[in-house]
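Residue numbers begin at 1 in each chain, while the letters A, B, ... track the order of the sequences.
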Protein chains: 4
Amino acid sequence: MIIAIKNSTSKEQFENLIAWLETRNVSVHISKGEYQTVLGLIGDTRNIDVELLEGLDIVQKVTRITDPFKNVNRKFHPDDTIVSVGDALVGGGNFAIIAGPCSVESEEQIIAVAKSVKQSGATMLRGGAFKPRTSPYDFQGLRAEGIELLLEAKKETGLPIVTEIMDASHLHLFEEVDVIQVGARNMQNFELLKELGRTKKPILLKRGLANTLKELLMSAEYIIAGGNENIMLCERGIRTFETYTRNTLDLSAVPMLKELSHLPVVVDPSHASGISRLVKPMALAAAASGADGLMIEVHNDPVHALCDGAQSLTPEQFDDVARCVNKVLEAIK
Amino acid sequence: MIIAIKNSTSKEQFENLIAWLETRNVSVHISKGEYQTVLGLIGDTRNIDVELLEGLDIVQKVTRITDPFKNVNRKFHPDDTIVSVGDALVGGGNFAIIAGPCSVESEEQIIAVAKSVKQSGATMLRGGAFKPRTSPYDFQGLRAEGIELLLEAKKETGLPIVTEIMDASHLHLFEEVDVIQVGARNMQNFELLKELGRTKKPILLKRGLANTLKELLMSAEYIIAGGNENIMLCERGIRTFETYTRNTLDLSAVPMLKELSHLPVVVDPSHASGISRLVKPMALAAAASGADGLMIEVHNDPVHALCDGAQSLTPEQFDDVARCVNKVLEAIK
Amino acid sequence: MIIAIKNSTSKEQFENLIAWLETRNVSVHISKGEYQTVLGLIGDTRNIDVELLEGLDIVQKVTRITDPFKNVNRKFHPDDTIVSVGDALVGGGNFAIIAGPCSVESEEQIIAVAKSVKQSGATMLRGGAFKPRTSPYDFQGLRAEGIELLLEAKKETGLPIVTEIMDASHLHLFEEVDVIQVGARNMQNFELLKELGRTKKPILLKRGLANTLKELLMSAEYIIAGGNENIMLCERGIRTFETYTRNTLDLSAVPMLKELSHLPVVVDPSHASGISRLVKPMALAAAASGADGLMIEVHNDPVHALCDGAQSLTPEQFDDVARCVNKVLEAIK
Amino acid sequence: MIIAIKNSTSKEQFENLIAWLETRNVSVHISKGEYQTVLGLIGDTRNIDVELLEGLDIVQKVTRITDPFKNVNRKFHPDDTIVSVGDALVGGGNFAIIAGPCSVESEEQIIAVAKSVKQSGATMLRGGAFKPRTSPYDFQGLRAEGIELLLEAKKETGLPIVTEIMDASHLHLFEEVDVIQVGARNMQNFELLKELGRTKKPILLKRGLANTLKELLMSAEYIIAGGNENIMLCERGIRTFETYTRNTLDLSAVPMLKELSHLPVVVDPSHASGISRLVKPMALAAAASGADGLMIEVHNDPVHALCDGAQSLTPEQFDDVARCVNKVLEAIK
């Protein structure tokens with residue numbers, strides 16, 4: 001860690017700072033310049049609070065050289081992590097296709113979608129039981145009942161299931177769920193992350209709407225620090241000023257995350273744009289960028305079918321996307 | 001609600017959409033134009049899902065005319081809500097000054113700060129017991145013990161206390177806490193908001209780092225929908241591209257929120273910039289913009305004192321700020 | 001255009017607004033609701049100033065249904081525009097590969113790079129002569145001399161050349177340039193756009209760092225309104241909160257722009273991330289997303305070669321990228 | 001400047017980098033750590049290109065310790081710059097109130113507004129002659145004729161005039177203009193900035209919609225590097241995700257800019273929100289935050305008066321704002 005100190009700093013303030021830093025078990029290397037003095041901290045700087053230092057009046061700038069994440073860092077774990085979910089593998093050259101409806105609505109619906117996506121090559125079934133909604137007046141999901149229906153679909157098709165958790169107190173309902181999804185709005189729900197770290201369940205951790213890759217990795221670090229290494233990172237679009245698309249899919253996150261971390265990276269092109277006709281080009285682009293998997297919304301219900309709709313694909317459209325994705329994966333091998 | 005339909009829409013798709021809309025208990029007014037057809041929905045459109053409609057291939061644009069929030073809306077409740085906390089009132093012309101350290105560290109610390117800020121005119125004491133930290137390796141707060149120490153300081157000074165909750169399962173620890181704070185990262189932790197709606201405790205709801213005012217009001221709507229009307233909104237800085245300050249304080253949020261809602265609006269200038277020397281100008285500006293209160297960090301501990309530091313003020317600096325804030329409040333009366 | 005009027009509006013204000021709107025040659029359709037009155041404007045609303053209306057105290061919301069761009073709009077011009085540059089075609093199924101150094105530095109350099117990229121399949125040569133730099137103390141490019149050197153390289157290789165203009169007064173220097181590039185920072189330099197509209201030269205218009213697709217298309221509309229239809233749109237990354245990459249490449253812009261407009265869309269993966277090792281995955285992803293071309297930095301100079309560096313590829317790396325891009329183009333056909 | 005080098009760097013690459021750095025006239029101090037090697041550059045690092053270094057594969061991170069701006073930096077020029085415009089002074093305790101219509105529309109209009117704002121205490125008259133508009137079909141201003149009308153109003157009232165330039169080739173029209181405004185969209189029109197640096201005219205430089213304070217100061221550095229020190233910086237709102245206001249006024253920019261630079265800082269609360277009823281609270285907040293002046297839109301024309309509207313104040317509203325601003329200035333003295 002590098003700390004630049006203003007030259008207006010008094011001798012006493014300076015000595016106090018050095019003394020305090022030395023209590024944190026780092027050694028301090030001092031170089032004096034014309035306009036500032038630069039301190040180089042050597043040792044384990046993870047327990048030095050950057051925000052505290054940055055706020056000090058005598059400090060001009062603090063730069064952390066070492067990444068603050070450790071167990072998810074590829075530097076300390078060069079090989080790809082491969083997450084195993086039922087028969088499906090994710091990472092290390094294994095590509096996952098997770099498909100299913102936005103919300104679980106009925107047994108008939110979820111089983112029909114599950115059968116159809118399986119046939120098109122999906123390796124896992126997704127479906128929302130607990131739904132985070134901006135408005136308290138919007139449909140909040142079938143909750144516990146939705147999980148039951150997903151388990152029925154799993155029994156019918158053998159597909160492992162992925163569904164979102166919204167509160168640590170619901171964890172007992174997820175015992176038979178194969179992958180627990182943490183949604184974008186809960187990416188920094190640290191108490192939830194700690195609880196998930198204590199399980200051994202595979203976790204699909206979505207990037208928050210305005211969060212950086214470093215923050216995503218720090219949230220994964222919360223889970224891994226608890227002992228659970230089965231983590232898939234998920235890019236699902238970030239908030240930008242663009243309004244034609246609901247969010248902006250950040251595909252440069254894929255190669256960057258894979259460079260920084262050994263964890264597999266899955267892309268959700270459905271939520272990113274909110275527009276079904278963008279799902280195919282973005283799914284192909286995600287595959288071309290090196291992603292380890294895709295998470296795609298597929299529906300079979302009449303409300304969506306109504307107008308060929310929403311951010312979900314029909315089973316026929318999904319089948320076409322899955323086929324083209326495989327061609328791109330073949331091309332970039 | 002206004003829905004623009006593309007002219008490429010088939011007669012069957014169009015009729016299906018109208019039929020579906022009519023099942024939602026709204027009446028539909030149709031006007032055909034050269035390049036699109038515009039539907040005007042009349043009736044209670046709150047159970048029409050805008051995102052679903054926007055995603056339909058036949059839909060060009062959806063515009064909600066009515067605000068989606070209702071119980072926090074000033075239109076339906078023109079008078080200012082006045083939140084009462086012990087002897088302190090907030091809103092409707094009553095100005096609150098909430099002061100205290102970032103984290104509760106010891107009995108000695110919290111009592112000394114409480115006494116000192118009370119003398120300078122603070123009306124409530126703040127202090128962090130549960131601390132949301134980006135890194136699992138950073139100090140997570142004294143947790144339950146921190147709340148005990150705050151209650152000690154309350155007993156000594158009579159100041160009502162404000163402290164942050166991070167998970168609904170901790171709620172039993174907050175029984176004697178006067179104001180429960182919801183932090184920026186939990187603004188859309190909807191399960192937590194629902195639980196807080198079931199209490200009668202005053203809630204200080206902080207705006208998320210990249211959230212809009214509409215989203216903040218929708219989160220307040222979650223609390224009020226559960227029956228709890230004691231809500232203070234808090235602007236604490238949003239994420240922008242600026243790097244000299246940690247966040248950007250959005251003071252236009254103050255008059256805008258007060259126009260949209262009857263709830264009081266408190267400003268936190270300490271977290272917004274992360275720099276103690278900006279706290280005074282931003283506190284004065286917040287008062288001049290019409291805020292109902294301020295939340296300011298004050299410390300008395302040697303680590304911060306070390307270099308006149310961080311985003312916290314010393315008791316002497318806080319005393320100066322409080323005096324100047326009162327002058328500005330007098331000037332704009 | 002839809003205008004929602006507050007119900008607090010006086011009869012006189014309301015009638016004044018209607019009278020004023022009618023002077024703008026639109027007819028007004030009025031529907032009164034419980035909380036607001038909605039006006040539907042029928043006719044050519046392009047000369048109604050949305051910002052003026054939005055600012056009126058009696059107006060709650062203004063929604064433009066029709067896109068404000070017209071000549072670049074695919075609705076009025078369904079077929080793909082194909083821009084022809086020397087022997088190269090861009091758009092309508094023709095894929096362009098524009099390659100070359102960030103800055104033109106010497107005759108030797110530019111000719112060597114031109115020869116090498118031509119051999120790898122580049123269809124145009126790029127090179128900066130006028131360089132926009134954040135600091136007045138940074139190298140500003142070889143300017144007029146740089147253009148001379150590009151023309152030398154064109155003579156040697158036959159490759160058409162692309163280079164950036166920074167001020168309308170330099171236009172006489174661009175007479176033999178094949179494609180004039182407008183940089184991100186000049187996307188809304190409207191006086192420059194008007195001048196370029198008066199030429200017949202192909203223009204490569206880069207999206208501004210924080211601009212929306214609508215703003216990009218409105219800037220293209222400035223050029224086309226002057227009579228010049230030879231425009232290529234270029235996505236080159238937008239500013240987000242992410243810091244591991246310099247900018248965030250927005251690939252959903254590709255299918256979205258191609259849906260909204262008939263103009264070809266080129267992607268610049270080099271500037272987007274600022275990191276050479278991300279150029280390949282992002283170039284492949286851009287091709288998979290449906291782009292009409294790529295613009296890639298290639299260097300052969302020792303400063304960059306020094307450490308295999310910067311955002312530029314070596315000729316060997318570029319050759320590999322070009323080959324893989326062709327495989328992806330083949331796969332998605 | 002601090003450069004962190006990856007430990008995977010070969011000896012040859014490392015030595016090449018050191019050799020290249022030494023050709024830039026800086027001396028290099030090397031400290032080897034477990035996971036990276038840190039280089040400290042000592043000397044004038046302004047001609048080291050950070051972006052080039054950041055892009056190198058062997059470089060992990062580059063941190064500039066010294067601010068890249070020099071002549072606008074308060075460190076090298078501790079006293080406040082006071083810009084003198086006719087009888088008006090701006091900065092160093094002198095507060096400017098610049099008022100007038102968004103666009104100059106007629107002689108009658110501009111003279112009437114000029115007289116009225118002068119009476120309320122305005123120290124300069126503003127009015128748009130050249131208007132930057134997103135759409136080529138929107139009114140582009142009276143251009144040269146608008147400047148003539150402003151000069152008439154100046155003759156009538158003695159108020160110095162402020163108006164925007166959009167292209168360096170128009171400079172001859174600005175000879176009698178007192179303050180040349182550079183708009184947000186031209187903040188990084190570097191060729192224009194260079195031209196303005198060659199004049200001695202006071203320049204009002206507006207912050208771009210998505211630009212940082214460092215970029216604003218670098219643009220001011222372009223002007224001052226040419227020899228013109230008469231610069232006022234202007235905060236006018238930045239683009240954020242908020243939609244209730246057109247832009248977000250960043251008032252923390254005021255104390256931050258005044259700490260970083262000796263130049264005066266003016267705030268434009270009219271453009272920031274685009275809503276006239278927010279102008280008063282934001283003007284008071286700007287004054288309380290320590291600004292050196294305000295720039296406020298005032299109209300007297302019937303289209304705006306129509307509904308008491310837009311982002312402009314009526315002369316009566318402006319009179320009230322000016323009076324209250326003076327009270328706040330008195331209170332914070």
Side-chain angles (χ1 to χ4, degrees), chain A residues 67 207-217 235 237-261 267 269 272-275 277-291 323-333, chain C residues 67 207-217 235 237-261 267 269 272-275 277-291 323-333:
Chain A
D67 291 319
R207 180 181 181 185
L209 266 88
N211 285 109
T212 61
L213 300 183
K214 189 185 282 179
E215 289 168 338
L216 173 60
L217 291 170
E235 163 60 32
I238 53 174
R239 192 165 265 194
T240 68
F241 303 134
E242 183 50 48
T243 56
Y244 277 117
T245 47
R246 193 183 308 158
N247 296 121
T248 296
L249 191 65
D250 173 11
L251 285 180
S252 50
V254 176
M256 204 67 230
L257 283 172
K258 292 182 71 65
E259 176 175 322
L260 294 166
S261 174
V267 172
S273 68
I275 301 174
R277 59 195 183 277
L278 293 197
V279 172
K280 185 178 173 182
M282 291 300 99
L284 301 185
S289 75
R323 250 180 313 115
C324 291
V325 163
N326 282 320
K327 281 192 208 161
V328 168
L329 291 175
E330 196 59 39
I332 64 163
K333 239 183 206 164
Chain C
D67 290 320
R207 180 182 183 184
L209 266 86
N211 285 110
T212 62
L213 300 183
K214 189 185 284 178
E215 289 168 338
L216 173 60
L217 290 170
E235 163 62 31
I238 53 175
R239 190 165 268 195
T240 67
F241 303 133
E242 183 48 49
T243 54
Y244 277 118
T245 48
R246 194 185 306 158
N247 296 122
T248 296
L249 192 64
D250 173 10
L251 286 180
S252 51
V254 176
M256 203 67 229
L257 284 172
K258 292 185 69 65
E259 174 175 324
L260 294 167
S261 174
V267 172
S273 69
I275 301 174
R277 60 196 184 274
L278 293 198
V279 172
K280 185 177 176 184
M282 290 299 100
L284 301 184
S289 75
R323 254 181 310 114
C324 291
V325 162
N326 283 321
K327 281 193 207 159
V328 169
L329 290 174
E330 197 58 41
I332 64 161
K333 241 188 204 158

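Of the atoms belonging to C/Ile238, it is side-chain heavy atoms, and not backbone ones, that fall under 4.5 Å from chain A. Only the side chain of A/Thr240 comes within contact range of chain C, with at least one heavy atom under 4.5 Å from a heavy atom of that chain. Within the 4.5 angstrom heavy-atom criterion, atoms from both the backbone and the side chain of A/Lys214 approach chain C. Contact of C/Met282 with chain A is made through the side chain alone, with heavy-atom distances under 4.5 Å. For C/Leu213, the parts lying under 4.5 angstrom from a heavy atom of chain A are both the backbone and the side chain.
No side-chain donor from either of C/Asp250 and C/Thr248 sits under 3.5 Å from a side-chain acceptor of the other. If you check the side chains of C/Asn247 and C/Thr245, you find no donor sitting under 3.5 Å from an acceptor.
Comment: C/Glu259 engages A/Arg277 in a salt bridge, judged by a side-chain N to carboxylate O separation of less than 4.0 angstrom.
In terms of heavy-atom pairs under 4.5 Å with chain C, the best-connected choice from A/Ala283, A/Pro269, A/Ala272, A/Ala288 is A/Ala288. Contact count versus chain C (heavy atoms, under 4.5 Å) is highest, among A/Leu251, A/Leu249, A/Thr243, for A/Leu251.
Listed by chain and residue number, A/Tyr244, C/Phe69, C/Asn73, C/Lys75, C/Leu260 satisfy the side-chain contact (heavy atoms from CB on, under 4.5 Å) test with C/Asp67 (two or more places apart in sequence, or in another chain).
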Distance-only check: which donor-acceptor pairs under 3.5 Å involve side-chain atoms of residues 323-333 of chain A, not counting sequence neighbours?
unit_1, atom_1, unit_2, atom_2, d
A/Asn326, ND2, A/Ala322, O, 3.2

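Separating the CG atom in A/Leu284 from the CG atom in C/Leu284 is a distance of 12.5 Å, to the nearest 0.5 Å.
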